[in-house]
Number of protein chains: 2
Amino acid sequence: MVKRVRGSRTGRPIMVLLDLLGRRWVLRIVWELREEPRRFRELQDAIGASPTIVNSRLAELRDARLVELDADSGYRLTVLGKELLRLFLPLHVWSEKWVKAI
Amino acid sequence: MVKRVRGSRTGRPIMVLLDLLGRRWVLRIVWELREEPRRFRELQDAIGASPTIVNSRLAELRDARLVELDADSGYRLTVLGKELLRLFLPLHVWSEKWVKAI
DNA sequence: TCCATTACTACATTTTCTGTAGCGTCGGTC
DNA sequence: GACCGACGCTACAGAAAATGTAGTAATGGA
């Protein structure tokens, strides 16, 4: 299920993960889903990317079991996706400090 | 100093940060520098990217004050870079769990 | 002077992303 | 049962980014 992709030639979990998260829009999509589910177009408008790439990133995130589509509410984080997001939340605070330093 | 780039149209710190980290090879480079400094070519070989892109990503990371070049030892994380890395370390453990789930 | 090491650049080719238009399905409403 | 809007998603040409390979320029030691 884990695809042989891009930078992750070793197959080590951390590399596969960094490879996935390092793709354009992936972090941003996870971030946009942090509070509530979003519809495809809503998500697309929020991040400002083309539908083509939004769709392919969503497909990758669904493959990775981080995002799922609920027919009633839209795209949302899975349990795994929420765990990952929790690891990322400290970035929010840290980014404020970082911006002041640069 | 913060460039107007790609997805970060708002200029909100978290968006600027997610935009930077979401570029190909950036997370990987930070990860490769987690333990000790690395020479340009060493880094390039480790991640398997072209020198062109390694160089431009390093330039971005240096602009962002996350990485610096020490003539004696090579590229290394700055204090800010180490702080950021610390936020990322939990990913390592989590990625093992994640891979088992997919 | 020669050679190795270093960071880095040039550039043609390949891959990826964008922007825009539109498709197909489904659930109403008249 | 024909129309409409919302929905997820696809097609495709043009633009942008990354690759792969070769090479430049600076530095330091023999």
Side-chain angles (χ1 to χ4, degrees), chain A residues 3-10 15-16 18-33 36-78 81, chain B residues 3-10 15-16 18-33 36-78 81:
Chain A
K3 300 208 201 84
R4 172 136 316 273
V5 280
R6 290 200 351 193
S8 57
R9 304 194 226 279
T10 61
M15 295 305 175
V16 177
L18 291 178
D19 178 45
L20 174 64
L21 299 180
R23 293 181 189 185
R24 204 158 175 175
W25 303 119
V26 165
L27 285 172
R28 181 66 192 274
I29 288 174
V30 171
W31 187 257
E32 287 297 329
L33 297 179
E36 50 189 10
R38 299 277 207 152
R39 290 292 173 188
F40 185 92
R41 284 188 177 156
E42 194 184 355
L43 198 48
Q44 191 201 323
D45 291 346
I47 72 180
S50 70
T52 315
I53 205 66
V54 171
N55 188 43
S56 73
R57 290 301 179 260
L58 283 171
E60 289 160 8
L61 283 166
R62 291 165 86 177
D63 276 356
R65 302 274 191 277
L66 298 175
V67 165
E68 64 192 356
L69 174 58
D70 174 63
D72 293 333
S73 61
Y75 284 98
R76 65 184 179 195
L77 297 177
T78 62
Chain B
K3 299 208 201 83
R4 172 137 314 276
V5 280
R6 289 200 349 193
S8 57
R9 304 194 226 276
T10 62
M15 294 305 173
V16 177
L18 291 178
D19 178 44
L20 175 63
L21 299 180
R23 292 180 190 184
R24 206 160 173 173
W25 302 119
V26 165
L27 285 172
R28 182 65 191 275
I29 288 174
V30 172
W31 188 256
E32 287 298 329
L33 296 179
E36 50 189 11
R38 300 277 206 150
R39 291 290 174 191
F40 185 91
R41 283 189 180 156
E42 194 183 353
L43 198 49
Q44 191 201 322
D45 291 346
I47 72 180
S50 70
T52 314
I53 204 66
V54 172
N55 188 44
S56 73
R57 291 301 180 260
L58 283 171
E60 290 161 6
L61 283 165
R62 291 165 86 177
D63 275 356
R65 301 272 191 278
L66 298 175
V67 164
E68 63 192 356
L69 174 57
D70 174 64
D72 294 332
S73 61
Y75 285 99
R76 65 184 177 196
L77 296 178
T78 61

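Only this structure's heavy atoms are used, side chains among them; waters, hydrogens and symmetry mates stay out. A, B, ... follow the sequence lines: proteins, then strands. Residue 1 opens every chain.
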Polar atom pairs (N or O), protein with nucleotides 4-6 of chain C, under 3.5 Å:
none

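In terms of polar N and O atoms assigned as donor or acceptor, the side chain of Ser56(B) never comes within less than 3.5 Å of the base of dA18(D) in a complementary pairing.
When rounded to the nearest whole Å, the span between CD1 of Ile53(A) and P of dG8(D) equals 18 Å. At whole-Å resolution of the value, CG in Leu43(B) and P in dA7(C) are 9 Å apart. Atom CG of Asp45(A) is separated from atom P of dT20(C) by 13 Å (rounded to the nearest Å). The interatomic distance linking Asp19(A) (CG) with dA18(D) (C1') rounds to 14 Å, in whole Å. In this entry the distance linking CZ of Arg23(A) with P of dT16(C) reads 9 Å, nearest Å.
Only one option out of Leu20(B), Val26(B), Ile29(B), Val30(B) pairs with Leu66(B) in a side-chain contact (heavy atoms from CB on, under 4.5 Å); it is Leu20(B).
For the pair Arg57(B) (side chain) and Arg24(B) (backbone), a donor-acceptor distance under 3.5 Å is present.
The side chain of Pro51(B) lies closest to dA22(D) when the candidates are dC11(C), dT10(D), dA22(D).
Taking 4.0 angstrom as the limit, Arg24(B) places none of its side-chain polar atoms (N or O) nearer than this to OP1 or OP2 of dT15(C). The phosphate of dA7(C) has neither OP1 nor OP2 within less than 4.0 Å of any side-chain N or O from Asn55(B). Taking side-chain N and O atoms only, Trp25(A) has a distance below 4.0 Å to OP1 or OP2 of dT18(C).
Every residue was checked against the side-chain hydrogen bond (donor to acceptor under 3.5 Å, both in side chains) condition with Arg39(A), not counting sequence neighbours, and none meets it. Residues satisfying the salt bridge (Lys or Arg N to Asp or Glu O under 4.0 Å) test with Arg76(A), not counting sequence neighbours, are Glu68(A), Asp70(A).
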Could you tabulate the donor-acceptor pairs under 3.5 Å formed by side-chain atoms of residues 44-54 of chain A, not counting sequence neighbours?
{"from": "Ser50(A)", "atom 1": "OG", "to": "Ile53(A)", "atom 2": "N", "distance (Å)": "3.4"}

